[in-house]
**Student:** 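My questions will all concern the structure given below.
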Amino acid sequence: MMKATTARRRGRTRAAAAALGLLAGALSAAAAAGSPASALTAPVSITADDLSTWQTNGIVWSMAASADGVVYAGGTFSTVRPPGAAAGTSEQPAVNFAAFDAATGAPTGCSLSFTVSSGTATVRSLVLSPDGRTLYAGGRFGAVNGEGVSNIAAIDTATCTPRQDFKVAVSATVRGLAVTGDTVYLAGDFTQVGGQSRSHFAAVTTGASLLPFTADADEVARAVEVTPDGRHVLLGGDFFRINGTNTHALAVVDATTGQLAKSYPGFIENNSTVQDITTDAGGFYTGNEGTGGGVFDGRIALNLSNFEQRWRDTCLGATQALLVHNGVLYSGSHAHDCSSMNEFPDQPRKHLLAQSVDDPKLLPWFPDTNDGIGEPVGPRVMAQTDKGGRHYLWVGGEFTTVNSKGQQGLTRFADGPDTGAPWVPNVSVSTVAANKVEVNWQTSFDTDDGTLTYRIYKDGASTPVHTTTGYSVFWDRPQLRWTDTDVAAGETHTYRITASDGINTSAKSPAVTATVAAKAESYPAAVLADGANLYWRYDEGTSTFAADTGTGLDNGFLRNTPSYRQTPAAVSGPSTAIGFNGSTQYAYSNRSRSQLTQFSVETWIKTTTTKGGKIIGFGNKTMELSGKDDKHVYMLNNGRLTFGTSNGGTQTVTTTGAYNNGAWHHVVATQGPNGMALYVDGQLRASNTRYTKNESYTGHWRVGGDNLSGWPSRPTSNFFAGQIDETAVYPTALSASRISAHYALRNG
């Protein structure tokens with residue numbers, strides 16, 4: 001659980017260290033309980049359930065939270081309104097500043113107006129003095145409540161009035177502030193402070209006298225933070241030089257003189273910047289944003305002991321805000337691709353993430369906002385404080401929705417209660433083997449828990465017949481299986497499953513029915529005996545789940561509601577096919593793979609299309625068209641089939657016959673030491689013994705569609721219109737005799 005800390009934005013003081021003892025204890029307990037390795041990470045004590053909070057009509061750029069539970073918010077807005085109120089209704093004036101009760105989310109009596117004589121006023125940074133008596137504000141403004149100031153002001157928190165004894169002229173916008181007991185550090189666009197030259201960084205006393213501290217930058221400064229021991233100042237921004245020395249976007253300087261203590265030339269890509277810096281007792285952390293190709297958008301953890309890197313993540317998606325609490329680094333961004341760190345490859349943007357301070361792996365905490373207005377990124381700032389025994393994490397930004405509900409500018413989360421139940425599991429049953437029922441399900445998703453408990457209910461009973469746990473996150477929902485052997489041939493049974501996070505339990509899944517077989521089905525038995533590590537039979541209905549009948553448990557995600565349970569199926573037995581529309585529908589494997597030196601893909605197709613399309617293939621994306629794609633079979637407009645791999649260029653073999661005649665056809669493509677071969681209906685139709693290698697990259701199997709750009713005789717459509725059935729993938733090149741045997745078993 002959270003302990004009482006006060007977090008401030010873009011330069012702040014901190015009172016507490018990460019609870020590393022708690023973290024170690026949690027890891028030991030998890031290991032003892034046999035939790036999956038992927039779950040052995042820092043505990044996230046904040047739930048993903050957003051709390052009722054007042055809203056702004058514009059962007060919140062800055063926040064500071066006091067120890068007595070007041071949250072100050074600054075930005076570019078003119079009103080606040082109650083939670084649930086639509087924009088333009090029930091509004092109260094709040095000119096670029098508002099103060100809120102951390103526990104209720106409602107405004108306090110502190111009201112200030114930040115204005116400028118021309119242009120748009122904005123409050124870009126807020127920070128509280130260590131004793132909490134003074135709130136320092138930086139931005140672009142010329143007056144506070146009519147009192148003349150110059151882009152920086154000090155507010156007496158007891159009276160909520162500008163301090164008359166703190167006046168210093170700053171020539172341009174202040175974007176970051178940090179404060180100690182006697183010094184205020186500034187970062188921003190300015191080149192003069194107090195009438196003297198200071199390029200983008202400066203320091204003044206708490207009495208507003210300019211200090212000799214000099215850390216001149218050649219470009220805009222965005223973040224400033226004092227190390228916990230007070231000896232150094234951490235600088236972030238767009239710059240390439242500090243005091244004439246090369247150091248891009250990040251630097252460590254002496255807190256008194258501003259002289260460089262640590263430079264970082266080449267450490268961060270030249271087209272990336274540091275947007276935020278935060279610290280805990282042992283480290284400091286940067287949030288980064290890039291523009292263009294080859295950018296660095298993620299987060300970096302560095303050690304305070306030597307200012308060297310501890311870890312970095314390489315997610316793409318402009319990190320804007322950071323906050324450390326209880327060993328967890330929370331961040332606001334618009335992350336959309338974390339495949340470089342084996343996390344989600346290409347999903348809709350996720351704006352709030354959590355990681356252990358010791359490990360960049362994403363933790364299971366996924367509340368979300370939208371991008372919002374202005375310069376759409378979503379979250380821009382975070383703050384944390386306690387009140388009434390509860391711990392609150394506040395988020396501000398330009399978003400207009402939170403967890404898919406209307407909410408603008410501000411939101412907040414707490415350490416409880418956890419009210420969100422996991423998704424209802426997707427369930428399928430298989431009776432391909434005799435005298436047993438295999439119950440398969442796609443692990444569920446919960447926004448703030450990774451390890452969930454699953455309970456299986458048989459034949460309407462109120463007591464589960466089986467209970468187990470599984471770890472899942474939104475992009476990785478592996479299949480689980482339980483085999484019911486307490487059955488007899490000819491019996492019919494129903495199964496339902498719930499998912500629980502330990503507090504909340506989902507509804508039971510819709511009942512699925514299975515009739516126990518007296519003997520094994522011939523065709524599936526052959527596929528499994530030949531070692532398929534992915535085998536989708538498409539017997540599910542109205543779900544996103546394609547169950548893997550094999551031992552690989554590599555389930556598929558069905559996208560955009562294909563046509564389920566199509567009959568007649570390709571092979572005999574109690575099975576169905578699936579239909580794809582040729583424009584948006586496809587499936588992809590949950591598991592990613594790499595270095596496929598040899599393989600076989602097998603499936604059945606039935607179509608009359610004249611637009612062609614990809615039937616099965618391998619690609620590096622799941623939610624959009626792949627940038628890397630090969631190891632695929634696609635149909636040409638004329639119905640002929642092409643099998644292609646990539647090895648410094650495209651390698652293809654193509655059938656002479658067409659297969660878009662509305663009949664079921666068995667298609668198998670293999671590659672291995674003997675080259676590439678394409679079989680249709682049990683016979684070799686095209687081959688090349690020279691094509692023994694393919695491109696090595698991490699990707700997913702896709703069925704029904706993916707990118708075909710650049711491939712020979714590219715058809716009209718990337719997507720296949722028709723029915724598909726009995727899709728299997730093997731880690732070996734099947735022999736001609738085994739392929740022929742599979743085809744011969746189509747009728748049982």
Side-chain angles (χ1 to χ4, degrees), residues 425-433 437-442 477 479 481 509-510 512-515 517 521-528 532-582 584-591 601-607 609 613-617 622 633 635 662-668 700-706 719-730 742-743 745-748:
N426 293 318
V427 185
S428 177
V429 289
S430 173
T431 56
V432 297
V437 177
E438 290 182 342
V439 182
N440 299 289
W441 68 99
Q442 187 178 44
R477 296 169 58 195
Q479 179 178 326
R481 174 179 295 157
S509 62
V512 291
T513 301
T515 300
E521 295 181 47
S522 300
Y523 184 89
V527 171
L528 297 174
N533 57 13
L534 178 156
Y535 182 23
W536 300 342
R537 304 201 72 202
Y538 308 111
D539 295 338
E540 301 73 29
T542 63
S543 79
T544 61
F545 177 43
D548 186 351
T549 303
T551 59
L553 298 180
D554 190 4
N555 58 291
F557 285 82
L558 300 171
R559 294 283 296 153
N560 301 318
T561 319
S563 299
Y564 305 98
R565 293 181 177 170
Q566 300 288 291
T567 57
V571 301
S572 61
S575 183
T576 61
I578 197 165
F580 294 109
N581 63 7
T584 61
Q585 297 167 346
Y586 64 98
Y588 67 87
S589 64
N590 181 74
R591 186 174 303 160
V601 292
E602 176 179 33
T603 197
W604 289 76
I605 62 168
K606 180 181 179 182
T607 186
T609 185
K614 183 173 293 191
I615 298 166
I616 185 171
T622 59
V633 177
M635 180 170 279
W664 280 111
H665 293 286
H666 181 235
V667 180
V668 182
H700 297 254
W701 289 109
R702 290 181 52 148
V703 173
D706 199 4
F719 293 84
F720 179 76
Q723 294 180 0
I724 293 180
D725 201 6
E726 303 291 332
T727 300
V729 178
Y730 304 81
H742 286 198
Y743 178 67
L745 291 172
R746 64 193 182 279
N747 294 319

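Remember, it's a predicted structure, so these values are computed and weren't measured experimentally.
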**Student:** Given the ring of Phe557, does Arg559 sit roughly above its face, with NZ or CZ under 6.0 Å from the centre of the six-membered ring and within 45° of the axis?
**Tutor:**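 No, Arg559 does not lie over the aromatic ring of Phe557.
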**Student:** Find the distance between CG (Asp548) and CG (Asn533) and round it off to the nearest 0.5 Å.
**Tutor:** 8.0 Å
**Student:** Can you tell me how far apart CG (Asp725) and CD (Gln566) are? Round to the nearest 0.5 Å.
**Tutor:**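 Output value for this atom pair is 10.5 Å.
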**Student:** Rounded to the nearest 0.5 Å, what's the gap from CH2 on Trp536 to CZ on Phe545? Could you check?
**Tutor:** 10.5 Å
**Student:** Which heavy atom of Pro562 sits nearest a heavy atom of Ile578, and at what distance?
**Tutor:**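 Scanning both residues completely, I find the closest heavy atoms to be CG-CD1, 3.6 Å.
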**Student:** With rounding to the nearest 0.5 Å, note down the distance linking OG1 in Thr431 to CD in Glu438.
**Tutor:** 9.5 Å
**Student:** Can you see whether Asn440 engages Ser430 through a side-chain donor-acceptor pair at a distance of less than 3.5 angstrom?
**Tutor:**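 Per modelled atom types, Asn440 and Ser430 side chains form no pair under 3.5 Å.
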**Student:** Name the one of Trp664, Tyr535, Tyr523 that satisfies side-chain hydrogen bond (donor to acceptor under 3.5 Å, both in side chains) with Glu726?
**Tutor:**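 With Glu726 as partner, Trp664, Tyr535, Tyr523 yield a single side-chain hydrogen bond (donor to acceptor under 3.5 Å, both in side chains), made by Tyr535.
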**Student:** Going through the checks in order, is the side-chain contact (heavy atoms from CB on, under 4.5 Å) test met by Thr549 and Val432?
**Tutor:** CA-CA 9 Å; Thr549 303; Val432 297; 4.0 Å; yes
**Student:** Go through Trp701 and Leu534 one step at a time and tell me if the side-chain contact (heavy atoms from CB on, under 4.5 Å) criterion holds.
**Tutor:** CA-CA 9 Å; Trp701 289 109; Leu534 178 156; 4.2 Å; yes
**Student:** Look up atom CG in Leu558 and atom CD in Gln585, then write down how far apart they are to the nearest 0.5 Å.
**Tutor:** 9.5 Å
**Student:** Side chains of Tyr586 and Phe719: does their closest heavy-atom pair fall under 4.5 Å?
**Tutor:** yes
**Student:** Do Val527 and Tyr730 have side chains that approach each other closer than 4.5 Å (heavy atoms only, starting at C-beta)?
**Tutor:** yes
**Student:** Using modelled atom types and a 3.5 Å cut-off, is there a donor and acceptor pairing between side-chain atoms of Arg591 and backbone atoms of Gly552?
**Tutor:**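 Side chain of Arg591 to backbone of Gly552: a pair is present.
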**Student:** Show, in sequence, the C-alpha distance, side-chain angles and deciding distance for Val571 and Glu521, and conclude whether the side-chain contact (heavy atoms from CB on, under 4.5 Å) test is met.
**Tutor:** CA-CA 10 Å; Val571 301; Glu521 295 181 47; 5.9 Å; no
**Student:** Check whether any side-chain heavy atom of Glu602 lies under 4.5 Å from a side-chain heavy atom of His742, and answer yes or no.
**Tutor:**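 Yes, at least one pair of side-chain atoms sits under 4.5 Å.
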**Student:** Could you walk me through whether Asn426 and Thr544 satisfy the side-chain hydrogen bond (donor to acceptor under 3.5 Å, both in side chains) test, starting with their C-alpha distance in whole Å, then the side-chain angles of each, then the deciding distance to 0.1 Å, before giving a yes or no?
**Tutor:** CA-CA 8 Å; Asn426 293 318; Thr544 61; 3.2 Å; yes
**Student:** Roughly how far, to the nearest 0.5 Å, is the OG atom of Ser563 from the CG atom of Asn581?
**Tutor:**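 If we round to the nearest 0.5 Å, Asn581:CG and Ser563:OG are 7.5 Å apart.
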**Student:** So does Ala547 get a backbone contact from the side chain of Trp441, meaning a donor-acceptor N/O pair under 3.5 Å?
**Tutor:**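 Such a contact is absent between Trp441 side chain and Ala547 backbone.
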**Student:** Does Asn590 reach the side chain of Gln442, with side-chain heavy atoms less than 4.5 Å apart?
**Tutor:** no
**Student:** Which pair of heavy atoms, one from Ala728 and one from Ala532, lies closest together, and at what distance?
**Tutor:** CB-CB, 4.2 Å
**Student:** Using every non-hydrogen atom in the two residues, find where Val703 and Tyr538 come nearest and quote the distance to one decimal.
**Tutor:** CG1-OH, 3.6 Å
**Student:** Determine the minimum heavy-atom distance between Ala514 and Val437, stating which atoms define it.
**Tutor:** CB-CG1, 3.8 Å
**Student:** Quick check: closest heavy atoms across Thr609 and Ala721, and the distance to 0.1 Å?
**Tutor:** CB-O, 3.7 Å
**Student:** Do you know the tightest heavy-atom contact between Ser589 and His700?
**Tutor:**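 Closest heavy-atom pair between Ser589 and His700: O-ND1, 2.8 Å.
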**Student:** List the steps and the verdict of side-chain contact (heavy atoms from CB on, under 4.5 Å) for Lys614 and Arg702.
**Tutor:** CA-CA 9 Å; Lys614 183 173 293 191; Arg702 290 181 52 148; 5.8 Å; no
